[in-house]
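Atoms within a ligand are numbered from 1 in the order they appear, just like the ligands themselves. All heavy atoms count here, side chains included; hydrogens, waters and symmetry mates do not.
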Amino acid sequence: MAADADLESLPGVGPATAQKLRENGYESFQSLAVAGPGELANSADIGENTASDIVNAARQEADIGDFETGTDVLERRERIGKLSWLVDDVDDLLGGGVETQSITEVYGEFGSGKSQITHQLAVNVQLPTEVGGLRGCAVFIDSEDTFRPERIEDMVRGLPEEALEATIEDRGLEGSPDDEDTMEELVADFLEKIHVAKAFNSNHQILLAEKAQDVASKQEETEWPVRVVAVDSLTAHFRAEYVGRGQLAERQQKLNKHIHDLMRIGDLYNTAMIVTNQVASNPDAFFGDPTQPIGGNILGHSSTFRMYLRKSKANKRIVKLVDAPNLADGEAVIRIEGEGLKPE
Ligand code: GTP
Ligand code: MG
């Protein structure tokens with residue numbers, strides 16, 4: 001895997017430099033191939049000439065992608081799937097649902113429902129397409145220890161009758177949603193199809209995204225390909241670890257690589273990427289405008305769909321679509337219930 005790239009095979013890279021490179025997020029030939037010699041020289045404490053040689057050598061080694069024809073691009077786009085929230089107003093906003101081969105960023109203040117949404121999509125993705133799913137499994141990268149199997153159970157049990165019947169039949173289970181034995185089996189099967197990993201820090205999170213690509217590659221051969229990868233939260237570790245102004249550039253560079261890795265999974269395996277990002281609720285807070293996601297510009301540019309969540313009365317939340325390509329901005333209202341996300 002890319003993370004195990006033998007950096008010491010590059011010219012001028014000994015064990016100490018290799019370690020510095022890794023510590024700075026250059027863990028693969030690919031990340032070195034696209035690095036600027038200047039930034040590399042700085043972060044690894046090496047001369048610019050050596051850095052240049054490293055970049056050039058890494059370019060030889062790296063799989064930096066290839067050109068493809070317009071036909072290939074068209075074929076790939078025709079495979080784009082739409083994952084339903086099972087809330088019509090939100091699906092309408094999104095032009096049918098959360099798209100595969102894209103990153104969707106959900107941002108909002110604490111308690112606005114970001115984690116609930118990632119849980120719900122890990123359930124919905126498993127449904128047959130005729131009831132809004134993508135009939136695939138989920139990968140869940142959990143950086144805030146938020147994943148709760150009990151919540152998955154609530155949400156499975158709370159699915160609309162029609163969806164329950166369809167997925168029971170699809171999985172070849174006996175019985176109906178009224179049979180407790182069937183429901184227990186069904187819940188267990190949903191949980192089996194969610195691959196969860198906890199990220200302990202930002203570097204670990206980056207590695208897990210690379211690992212997620214392995215899971216996607218392995219599942220692709222099976223009946224249950226990965227159709228959604230959720231990262232909840234995308235930014236928390238990065239914010240906690242890179243606090244000073246001087247570390248901002250490094251933080252963005254790492255976050256950029258991470259997002260790039262996620263994008264790649266989306267493209268290669270026709271997967272929807274859903275990432276969460278907390279924003280400060282207090283306008284005077286360090287990060288300024290509460291409606292601005294914290295990841296900064298890079299995240300803004302590369303997340304194709306951005307959804308802003310706002311608290312409303314009680315369990316209501318306002319979902320706003322912000323600058324999505326080819327879609328009108330708009331708002332919808334959802335409720336967070338014991339049984340999961342529901343229409344207003
Ligand atoms: P941070 O991770 O702190 O930024 O928040 P978040 O945006 O991820 O919020 P989260 O998705 O955890 O939503 C929290 C809200 O969902 C709570 O305020 C509850 O209203 C609701 N919620 C969470 N779990 C349950 C549950 O089991 N039952 C019900 N009815 N509501 C729940
Ligand atoms: Mg959360």
Side-chain angles (χ1 to χ4, degrees), residues 83 85-87 90 98 103-125 138-160 183 187 190-191 194 196-202 205 208 228-241 255 258 262 273-283 285-296 299 303 305-322 331-344:
L83 168 57
W85 284 44
L86 297 180
V87 175
V90 177
V98 174
I103 295 194
T104 299
E105 175 194 2
V106 174
Y107 67 102
E109 65 170 304
F110 71 93
S112 57
K114 302 181 293 294
S115 297
Q116 298 302 307
I117 289 167
T118 53
H119 280 69
Q120 185 75 57
L121 292 176
V123 168
N124 296 0
V125 72
V139 166
F140 198 109
I141 299 178
D142 180 2
S143 76
E144 297 194 300
D145 198 14
T146 55
F147 182 77
R148 293 289 175 275
E150 299 81 3
R151 256 331 249 158
I152 298 294
E153 167 155 17
D154 293 344
M155 288 173 173
V156 171
R157 290 178 183 273
L159 285 168
M183 287 306 290
V187 167
F190 267 89
L191 287 169
I194 306 176
V196 189
K198 266 190 217 173
F200 298 110
N201 57 45
S202 63
Q205 187 175 322
L208 287 176
V228 73
V229 174
V231 187
D232 184 28
S233 138
L234 178 75
T235 46
H237 282 314
F238 290 89
R239 274 168 47 209
E241 293 165 30
L255 204 45
H258 186 42
L262 294 173
M273 318 299 309
I274 179 120
V275 304
T276 70
N277 191 6
Q278 200 193 63
V279 295
S281 52
N282 173 2
F286 180 69
F287 288 107
D289 186 344
T291 62
Q292 292 305 307
I294 281 155
L299 189 54
S303 51
F305 296 89
R306 300 169 66 212
M307 311 190 78
Y308 176 52
L309 290 181
R310 216 159 69 231
K311 290 180 194 165
S312 177
K313 287 206 183 90
N315 62 349
K316 287 192 182 177
R317 300 291 187 272
I318 298 158
V319 182
K320 182 177 167 127
L321 183 70
V322 189
E331 292 187 346
V333 180
I334 58 169
R335 284 178 301 125
I336 305 177
E337 294 289 346
E339 298 182 322
L341 303 185
K342 299 290 163 191
E344 185 180 7

Does the residue [X] have a heavy-atom contact with ligand 1, meaning some pair of atoms that are separated by less than 4.0 Å?
| X | result |
| --- | --- |
| Glu339 | no |
| Asn315 | no |
| Glu109 | yes |

Close side-chain approach of Leu341 and Leu86, heavy atoms under 4.5 Å: no
Contact check, side chains of Val90 and Met307, non-hydrogen atoms, under 4.5 Å: yes
Atom 5 (O) of ligand 1: the protein heavy-atom neighbour that sits closest, reported with distance to 0.1 Å: Gly111 N, 2.8 Å
Quick check: does any side chain N or O of [X] sit under 3.5 Å from a backbone N or O of [Y], one acting as donor and the other as acceptor?
| X | Y | result |
| --- | --- | --- |
| Arg317 | Lys311 | no |
| Lys342 | Gly158 | yes |
| Gln205 | Leu234 | yes |

What are the atoms of ligand 1, with element, lying closer than 4.0 Å to any heavy atom of [X]?
| X | value |
| --- | --- |
| Gly113 | 6 (P), 7 (O), 9 (O), 10 (P), 11 (O), 13 (O) |
| Lys114 | 1 (P), 4 (O), 5 (O), 6 (P), 7 (O), 8 (O), 9 (O), 11 (O) |
| Glu144 | 2 (O) |

Distance in Å, Ile336 CD1 paired with Glu339 CD, rounded so as to fall on 0.5 Å steps: 14.0 Å
Among Val228, Val231, Val229, Ile194, the one residue meeting side chain to side chain contact (heavy atoms under 4.5 Å, CB included) with Phe140: Ile194
The Mg ion (ligand 2): protein N, O or S atoms [distance under 2.8 Å]: Ser115 OG
is_close_aromatic(Phe200, His237), centroid dist under 6.0 Å: no
